[in-house]
Every structure is written in structure tokens, then in C-alpha cells.
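Note sheet for the following structure.
Both ligands and their constituent atoms are indexed starting at 1 by order of listing. Heads up: numbering here begins at 1 and tracks the sequence.
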Amino acid sequence: MSPVRPRWSQPFNTLKLQITLGGIAALVLGISLVSALTVRRAETDTLRAERLRELTASVRTAALVSRRVVALQRALQVTALEMTPDTLIDEKTLGRFLVTKSVLLNMFDNIFVLELDGQLKLAATERGLIRPDVNVGDRAYFQRTVAESRPLVSPPLPSRFSGEPVLAFTHPVRGPHGVIAVLGGTLRLNSRDVLEGLVDNQEEESRSLVAVTDPTGRLLAHPDAKLLTHSIADDARLSQAFSAWQASGSPIEPMGVGLEQRGQLVSAAGVAGPDWVVWRARPEAELLAPLRQARREALTVTAGLIVVLSGVMLLVLWRLLRPLTQLARRARHMFDGTLAPQDGWPVAGGEIGSLSDVLRTVSVERTQLERANNAALRRLNSVMSAAPVGIAVLRDGCFETVSPEFCRLLGHPEAELIGAPVESVLADPPEDAAQVTRPWEAGHAHLPFAAEWRMRRRDGTTFWADVRSRLVDSDDVTQGEIWTLSDIDNQRQARTQLEWSAMHDLLTGLENRAAFEQHARALVDTLPHSLPAAMVFIDLDRFKPVNDTAGHAMGDRMLRVVAEAIAAQVRADDHVARLGGDEFALLLRRCQQDAAERIAQDVCRAVQAIALPWEGGVLGVGASVGVAPLRSDTPSVEAWTRAADAACYAAKAAGRGTVRLAPQG
Ligand SMILES: Nc1nc2c(ncn2[C@@H]2O[C@H](COP(=O)(O)OP(=O)(O)OP(=O)(O)O)[C@@H](O)[C@H]2O)c(=O)[nH]1
């Protein structure tokens with residue numbers, strides 16, 4: 001049985017659709033692979049170029065910041081050099097001096113002068129001079145400025161004026177004997193950070209981040225003011241890169257370095273002088289966005305292209321495979337006789353054309369073969385129908401084909417016999433079972449088989465049949481056997497009759513001379529085991545007058561009555577024969593001589609007693625009987641017969657109606 005396909009899968013079973021789907025799959029796979037590789041390569045190249053650009057930008061920004069720090073310190077230096085002990089003599093003089101330093105005031109949020117103990121002497125802001133009570137003597141940057149007598153930049157710290165985060169730039173004011181005061185300026189990180197004006201607008205519009213930290217990572221400049229003075233580790237976009245840098249342990253040089261951060265391009269460059277670090281971070285996604293957009297657009301175009309190509313492919317395949325569809329439709333009716341075998345096959349080129357030609361040839365040849373087979377079958381059927389014997393083909397002990405005559409002989413309709421075992425038509429299946437295999441065995445030995453078997457008809461009656469068998473194919477026993485069956489009941493009866501006639505007297509039904517001599521020979525041949533036995537010859541007396549008086553028919557009747565009378569005197573297994581004319585004989589087995597003589601006397605009397613009524617009177621005959629016992633030295637049947645005949649002749653000579661014994665020797 002062919003497997004049943006689920007209904008939903010049937011539309012996918014057409015070659016057209018399968019090739020189209022295969023083509024689409026290959027197309028999609030190919031385009032996807034190419035675009036994936038191309039986009040990946042473009043992304044890698046873009047990221048590499050952008051990483052370089054970012055690094056360059058970091059270095060440039062670091063250089064600008066460095067230059068700005070130097071400019072701020074230079075401005076302080078210039079002012080500090082102008083200051084003398086006289087400038088610091090009193091607050092008024094110092095105030096007049098400071099207010100003239102508008103350039104310095106533009107560069108810083110405020111400028112201030114500190115005593116050597118850190119006490120604020122005076123400060124100048126945009127709003128004017130102030131003198132709050134502030135002391136920074138405890139701050140390291142101040143102490144180092146005084147102690148080392150050199151300009152310094154403080155770490156980000158809360159201003160003691162305003163509490164806001166600031167950077168303090170300091171420069172020692174030197175007198176003839178060393179440092180006499182400290183000049184400083186502060187930058188509020190919230191408003192005027194060190195990056196102001198150093199990051200271009202284009203970068204600000206993007207999602208890129210530029211920040212500056214001191215060497216410990218504390219933020220001096222950051223777009224998010226809340227993070228100022230905090231560690232850069234608090235910014236998620238730079239924390240990994242910062243950790244990586246910290247882990248490396250090496251300082252960040254002004255020529256810059258690229259750092260690893262998931263989803264970001266991070267670069268950092270050292271700021272010469274204050275040892276700050278400029279950090280830049282740019283989201284990879286932002287950089288790759290145009291590429292990804294291009295890929296989306298390419299995919300959309302590709303999808304449209306695939307749809308169009310699929311349609312075209314389907315159309316082309318439909319056209320190319322139309323002959324195949326026609327071929328399949330025609331092949332479905334190849335053997336049902338709807339069309340002539342050479343008609344309806346599509347004409348096409350290539351493999352489909354060749355296939356069509358082959359199928360047409362097969363169809364034509366098969367039809368011719370079928371016709372030849374049908375003709376042969378018809379001839380075979382008519383032979384089987386006309387045959388005077390029953391014909392059957394058997395395979396594996398069962399009937400496969402049976403002729404009408406076969407059915408008629410057994411009285412079964414054909415349908416009952418087809419498939420039935422041979423035993424079902426045998427008269428005595430259990431006894432005949434052993435015989436059933438004989439035809440097959442004979443066939444196996446390449447010999448024909450013939451036997452007479454008793455068969456049983458459907459109505460239970462039996463008949464003798466002549467059964468003959470031979471293999472259908474002498475080289476292949478699996479092809480079975482052919483049986484012929486004929487009713488031989490009449491033949492067997494005629495044969496039996498013939499056999500009986502050969503050994504019996506037709507008038508009296510007694511055995512004839514041939515049978516008698518055969519039995520006698522058997523006794524002579526088995527001497528001395530056959531002893532005692534005796535032969536008795538009986539010749540009727542005066543039988544001729546019966547014929548002459550009453551006619552031959554009456555003579556025949558007398559002979560039959562005499563036969564019955566003689567047979568009545570002997571045992572059932574003794575032989576009684578009519579030797580010819582009015583001569584009878586007995587063969588008495590296991591019979592002593594005196595018993596034989598007694599039987600002879602009885603026969604004599606019984607024949608004498610016959611009185612056959614005829615025309616108001618009766619007819620009668622007598623018998624002369626000779627007895628010849630079998631002797632151990634009896635040389636032959638002829639000698640034994642001569643002895644009995646001689647004794648009978650002696651009885652006749654003695655006056656008839658008497659018994660005589662053959663002389664011994
Ligand atoms: N009806 C009839 N007569 C037969 C048959 N065969 C022989 N006979 C006659 O039997 C007779 C026998 O001859 P015989 O033995 O000489 O006659 P018989 O009268 O018995 O003479 P004896 O023996 O001397 O008493 C002949 O007349 C035969 O024609 C037969 O089959 N039927």
C-alpha cells in the first residue's frame with residue numbers, strides 16, 4: 001500500500017512548486033549571505049575608521065585643553081609677575097590692581113590673592129571686589145604652590161566662596177626673598193568648564209560624549225552637571241573603559257588610546273600639564289545606524305525582487321513543465337483503454353520528450369502483448385472447453401484453473417473448485433492423502449504421472465478416474481502442475497467383465513477350464529504343502545437325449561441346474577468348473593481321498609436326483625465321476641488331469657452313474 005500523504009502537503013507535491021520553493025530558498029539564502037557578509041565587512045570597516053577618528057578627536061581635544069590650561073596659567077603668571085610687595089601693601093592698592101585685570105577676570109570666574117597662611121586677602125569677581133573670611137591653608141594645592149613655588153591646578157573641589165564645584169589655578173607671587181603671596185583664579189565647573197568651546201556643535205548634536213577627568217578619574221567636565229566631581233566610573237558609557245584602563249596600570253599619553261566598552265567607541269588622551277584625561281565615547285549603534293538603515297532598505301528591495309523573481313520562475317516552470325503534466329495525465333490512462341496506445345502523448349524536447357517517447361513505445365508494445373496474450377488465452381480456453389477430458393492447473397496442492405469438463409466430472413461449479421485443495425475431490429482423502437504428492441514428486445523427477453484414482457463428486461457419489469499430470473514448466477516447479485481427468489468407470493467395468501469371462505463359463509457361471517487348470521497348477525507347484533487335495537471329473541450320462549428330445553435350450557437349462565447341484569455339494573472355497581460340453585470338474589483342497597470319494601458319491605446322487613419338468617413329464621440325467629487324489633509325486637497338471645479323466649472314463653465304462661478312483665502310481 002502506498003503511504004497516504006496528509007491533505008495539507010498535497011499542493012507542495014508539484015514539481016513546479018518544489019523547484020520554485022527551492023529556487024526562492026537558494027535566492028534568499030544567497031542574498032542573505034552576501035548582504036550579511038557585506039554589511040558585516042562594512043560595519044567592521046566603519047568601526048575601524050570611526051575608532052581612528054575618535055582617537056584623533058580625543059588627542060585634538062586634549063591638546064586644546066592643555067593649551068587652555070597653559071593659557072590660564074600664563075595669564076596668572078603675567079599678573080603675578082606684575083605684583084610686588086607694594087601691590088600687596090594694603091587692600092586698597094591690591095583692589096585697584098586687581099580691577100585692572102579684566103582679561104584675567106574674563107578668563108576666570110574670579111581671581112583672588114591669598115596670604116601665605118591661606119587666608120584670603122582679596123578677591124575680584126565680575127560684580128566687584130569682595131573679601132569673605134575664607135582660609136584655604138589646609139588645601140594641598142595651596143600648600144604645594146607655596147612650598148614648591150610653582151603654579152598648580154587643584155583637583156575639583158567645592159568652592160569655599162559658593163560651595164559649587166570649582167577648579168582653582170594658583171601661581172606664587174614672588175618677592176625678593178621668595179614667595180610672598182599666592183595669586184589664583186577659579187573656574188566653576190557648572191558653568192564654564194574646561195571644555196567650553198572645545199567641542200564642536202556637530203558632536204554635541206550627536207549622542208557622543210566628551211568628558212575630562214583628573215588623573216584619579218574625578219570628573220572635571222561632563223555634559224551631566226550632576227556627575228561633576230564624581231568618579232567617571234559612575235557614567236555607564238565609560239565605566240568599563242575606565243576599569244580597563246585602571247587594570248592596565250599604564251598612564252594615558254597625549255597621543256591617546258582606544259579602550260574597550262560594550263556598545264561604545266571609547267578613546268582617551270592625556271592632557272599635558274595637569275595630567276588630566278580627555279574621554280570620548282560614541283555609541284556604535286549611532287555610527288552603524290546609516291548602514292543598518294541601508295541594509296533594511298536593501299532587504300526590502302530584495303524581498304520585492306524575490307517576489308517578482310518567484311512569480312517569473314513559477315511562470316517559466318509552468319511553461320517548461322506543462323508537457324510533464326500532460327505526460328502524467330496521459331500515463332494515468334495508459335492501460336485503461338480510453339485512448340489508442342499511440343495517441344495523446346505530449347511532444348516535447350529534452351528529457352520530457354524522451355520520457356514521452358519511451359512511455360508511448362511501452363504503451364504500444366504492451367497493448368500488442370496484451371492482444372497476443374488474450375488470443376493465446378482464448379485459444380487455451382477453447383482447448384480446455386473442447387477437451388474430452390477435464391483439465392486443471394494446480395499450484396501448491398490447490399486448484400488454480402479448471403476446465404468446464406473438469407467441473408462437470410466432479411459436479412462442482414468452477415468457483416467452488418478454484419482454490420480448493422486436491423483432497424476435497426478424493427473419495428477417501430485420508431487414505432489418498434499420501435498419493436496427492438505423487439504427481440508433484442513425479443514432476444519434480446521430470447517424469448509424467450498417471451494413475452487411476454477414485455474421485456468424489458459434489459453429491460457424494462464416487463467414480464474411477466484416470467488422472468495424469470505433468471509440470472506446467474519442466475524447469476520451474478513453482479509454476480505448478482497440469483492435471484487431466486477422465487471418467488473410466490465404464491472402461492473398468494468392461495475390463496472386469498472381460499477378465500471374468502476369460503476365467504468363467506458363460507452358461508453356468510462356473511469357472512472354465514483355464515481357471516481350473518490355473519488353480520490346479522498352483523497346487524501342483526506348491527507340493528507337498530498343498531497336500532491333501534483331489535481332482536474330481538464329472539461327465540453327464542445320457543445328456544444328448546435331453547438335447548435331442550427337449551431342444552438345445554432345455555439342454556442348456558439342464559446344464560445350469562446340474563452346475564447348481566454340483567456346487568451345492570462342496571465348500572465355498574473349493575473350485576467348481578465346467579470344462580466344456582457336459583463335463584464338469586471339482587478341485588478339492590485340504591481334502592483327503594475318502595472325503596473326496598464321498599463328495600463324488602454325493603455329486604453322483606445329486607445329479608441323479610435332478611428331475612426337470614418338461615411337457616408333463618420330467619427330464620433327467622446321470623453322472624459318471626472319476627476321482628484322482630493329488631499325490632506327492634504327481635509330476636504335472638496334465639498328468640493329474642489325465643488321471644482324473646481316466647477314472648471318469650472308467651466309471652462310464654463301468655455302466656455309468658458310478659464313481660471310480662484313479663489307480664495309484
Ligand atoms: N444343450 C447343449 N448341449 C451341448 C452343449 N455342449 C455339448 N452339448 C451336447 O452334449 C452332447 C454330449 O455328447 P455325449 O456325451 O456323447 O452324449 P451322452 O448322451 O451324454 O453320451 P454318454 O456320455 O455316452 O452317455 C452332444 O450331443 C453335444 O451336442 C451345450 O453347451 N448345450
Side-chain angles (χ1 to χ4, degrees), residues 494 496-521 534-570 574-588 596-629 637-663:
T496 307
Q497 186 64 41
L498 208 62
E499 285 168 2
W500 189 88
S501 302
M503 304 301 276
H504 290 80
D505 171 44
L506 296 182
L507 180 66
T508 61
L510 296 177
E511 288 182 333
N512 61 14
R513 180 182 291 276
F516 184 82
E517 285 181 355
Q518 191 176 319
H519 297 310
R521 181 164 289 111
M535 186 183 287
V536 177
F537 262 43
I538 303 152
D539 188 288
L540 296 186
D541 300 333
R542 295 178 302 282
F543 174 65
K544 188 171 178 297
V546 175
N547 271 341
D548 295 346
T549 311
H552 204 266
M554 203 59 191
D556 284 353
R557 193 171 162 204
M558 177 60 80
L559 288 172
R560 281 196 289 272
V561 172
V562 167
E564 284 170 16
I566 294 171
Q569 307 309 313
V570 297
D574 287 330
H575 293 283
V576 182
R578 179 182 173 222
L579 301 180
D582 62 349
E583 288 179 9
F584 294 86
L586 298 176
L587 200 57
L588 307 172
E597 283 182 273
R598 257 198 322 276
I599 290 168
Q601 291 294 350
D602 291 345
V603 167
C604 208
R605 272 194 294 276
V607 172
Q608 197 72 43
I610 292 169
L612 198 64
W614 182 75
E615 290 190 352
V618 290
L619 296 171
V621 289
S624 296
V625 181
V627 177
V637 175
E638 290 73 23
W640 194 16
T641 308
R642 273 199 305 276
D645 193 29
C648 183
Y649 183 76
K652 183 79 76 180
R656 299 184 173 81
T658 187
V659 175
R660 285 292 179 271
L661 184 66

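Side-chain N or O atoms of Q601 include none that pairs as donor or acceptor with a backbone N or O of E597 at under 3.5 Å.
A salt bridge does not link R642 with D645: every distance from a Lys NZ or Arg NE/NH1/NH2 to an Asp or Glu carboxylate oxygen is 4.0 Å or more.
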Requested in this report: Could you go through the side-chain contact (heavy atoms from CB on, under 4.5 Å) check for V603 and V659 one step at a time?
Outcome: CA-CA 10 Å; V603 167; V659 175; over 6 Å; no
Query raised in the report: Given W614 and T549, is the side-chain contact (heavy atoms from CB on, under 4.5 Å) satisfied, shown in steps?
Result: CA-CA 10 Å; W614 182 75; T549 311; 3.8 Å; yes
Please tabulate, for the side chains in residues 508-516, all donor-acceptor contacts under 3.5 angstrom to protein atoms that are two or more places apart in sequence or on a different chain.
from	atom 1	to	atom 2	distance (Å)
T508	OG1	D505	OD2	2.5
T508	OG1	L510	N	3.2
E511	OE1	H519	NE2	3.3
E511	OE1	H575	ND1	3.0
E511	OE2	H519	NE2	3.0
N512	OD1	A514	N	3.2
N512	OD1	A515	N	3.0
N512	ND2	A502	O	2.9

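Around ligand 1 you find D539, L540, D541, R542, F543, K544, P545, N547, H552, G555, D556, L559, R578, G581, D582, K652, R656, each with a heavy-atom distance below 4.0 Å.
In this model, a donor atom of one side chain and an acceptor atom of the other lie less than 3.5 Å apart for S624 and D541.
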